[in-house]
Amino acid sequence: MGRPRKFSREGVLQKALPVFWRYGFARTTLPDLERATGVNKSGLYAEFESKEALFLACLRHYLDTRETGALLMAQPLGWGNIERFLEEAPSCAFDQRGCFSVNSMRELDALPAQARKVIADGHAKLKQLLRANIAFETPKMDVNSLCELISAFFSGICIEANLNPDRKRARPKIRDFMQMLRAA
């Protein structure tokens with residue numbers, strides 16, 4: 001009979017996620033994950049089977065626990081939700097910069113196929129929430145075009161957050177972007 005686990009799956013995900021977030025999938029090593037989680041290789045592999053499976057679990061955990069949905073589903077729908085989302089979403093938990101999903105898209109070719117699907121599904125869900133808020137405002141411009149524009153802007157400010165985590169620097173850009181959207 002094996003020894004009982006001395007760690008929780010949730011705890012490992014919370015400790016491994018910042019490592020993947022900081023270094024990316026390709027540059028994260030098993031020793032990095034062992035140091036961060038306090039779980040040895042055999043324990044990690046017993047729980048997650050592989051580095052790929054652990055990354056995938058971290059990605060799912062991130063998408064399931066981030067507050068994006070709540071920000072974009074608040075009533076009333078509209079530009080206010082989108083502005084709060086743009087201001088708050090790139091500055092997520094774990095003392096990391098940007099958005100883990102957006103950061104992961106930078107190395108899409110190196111990711112496990114399932115991770116690419118999880119990212120794509122998360123992106124589709126985000127766009128669905130954005131479209132609902134945009135449609136509520138009945139803009140002159142096409143809702144799908146505005147959704148694509150907001151999505152691209154979001155990805156850009158997330159990547160910029162890697163260079164400069166000071167949210168105050170992004171606020172004027174977000175304010176100007178929102179002014180443009182409200183006029184569209």
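Remark: F25 CZ to L54 CG distance equals 9.5 Å, nearest 0.5 Å. One distance of note links CG of N133 with CG of L71; it measures 10.0 Å at 0.5 Å rounding. Taking CG of D142 as the reference point, atom CD1 of I134 lies at 9.5 Å (rounded to 0.5 Å). Taking CG from N40 and CZ from R35, the interatomic distance works out to 14.0 Å, rounded to the nearest 0.5 Å. Going from atom CZ of R131 over to atom CG of L146 covers 11.5 Å, rounded to the nearest 0.5 Å. Of the inter-residue distances, the one linking Q14 atom CD with T65 atom OG1 reads 8.0 Å to the nearest 0.5 angstrom.
Two residues are said to be in side-chain contact when any heavy atoms from C-beta on lie closer than 4.5 Å; E52 and Q114 fail this criterion. Taking the side chain as every heavy atom from C-beta outward, F85 and L126 approach each other to under 4.5 Å. By the 4.5 Å heavy-atom criterion applied to side chains, L72 and R84 are not counted as neighbours. Residues P139 and V143 form a side-chain contact, since some pair of their non-hydrogen atoms from C-beta on lies under 4.5 Å apart.
Under the 3.5 Å distance criterion, the side-chain polar atoms of E107 are matched with a main-chain donor or acceptor of A26. A donor-acceptor pair under 3.5 Å is absent between the side-chain atoms of R60 and the main chain of A57, judged by distance alone. A donor-acceptor contact shorter than 3.5 Å is absent between the side chain of K15 and the backbone of L33. Remark: side-chain polar atoms of D121 are not paired, donor with acceptor, to backbone N or O of V118 under 3.5 angstrom. Using modelled atom types, one side-chain atom of E34 and one backbone atom of K41 make a donor-acceptor pair closer than 3.5 Å.
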**OP:** Check the pair L13 / F48 against side chain to side chain contact (heavy atoms under 4.5 Å, CB included), numbers first and verdict last.
**Re:** CA-CA 10 Å; L13 293 174; F48 297 100; 3.9 Å; yes

**OP:** Give the C-alpha distance, both sets of side-chain angles, the deciding distance and a yes or no for salt bridge (Lys or Arg N to Asp or Glu O under 4.0 Å) between E137 and R182.
**Re:** CA-CA 8 Å; E137 295 290 351; R182 286 181 169 102; over 6 Å; no

Subject >> side chain to side chain contact (heavy atoms under 4.5 Å, CB included) between K51 and L30, intermediate numbers included >> reply: CA-CA 7 Å; K51 175 181 146 181; L30 192 55; 5.6 Å; no

Subject >> Test log, rule side chain to side chain contact (heavy atoms under 4.5 Å, CB included), inputs R106 and L108 >> reply: CA-CA 6 Å; R106 294 182 304 189; L108 211 51; over 6 Å; no

**OP:** Determine, stepwise, if the pair K127 / E148 fulfils side chain to side chain contact (heavy atoms under 4.5 Å, CB included).
**Re:** CA-CA 8 Å; K127 285 184 174 183; E148 292 298 326; 2.7 Å; yes

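Pairing each heavy atom of Y45 with each of S50, the nearest pair is CE2-CA, 3.6 Å. Closest approach of L181 to L149, counting heavy atoms only: CD2-CD2, 4.3 Å.
Heavy atoms from other residues, nucleotides or ligands lying under 6.0 Å from CG of D109 number 12 at most. Around CD of Q179, the count of heavy atoms belonging to other residues, nucleotides or ligands within 6.0 Å does not exceed 12.
Side-chain atoms of H123 and S151 form a donor-acceptor pair, as typed in the model, at a separation below 3.5 Å.
By the criterion of side-chain heavy atoms lying less than 4.5 angstrom apart, applied directly or through intervening Ile, Leu, Val, Met, Phe, Trp or Tyr residues, I82 is not grouped with F136; the two fall into different hydrophobic clusters. Put simply, L129 and L77 are part of two different groups of oily side chains (I, L, V, M, F, W, Y) that touch within less than 4.5 Å, one to the next.
With M105 as the fixed residue, the side chain to side chain contact (heavy atoms under 4.5 Å, CB included) test singles out one of L111, I119, I159: I119.
Aromatic pair F154/F177: ring centres not closer than 6.0 Å.
Taking the six-membered ring for Trp and thresholds of 30 and 60 degrees, W21 and Y62 have ring planes more than 60 degrees apart, a perpendicular arrangement.
Remark: E83 does not engage R175 in a salt bridge, criterion side-chain N to carboxylate O under 4.0 Å.
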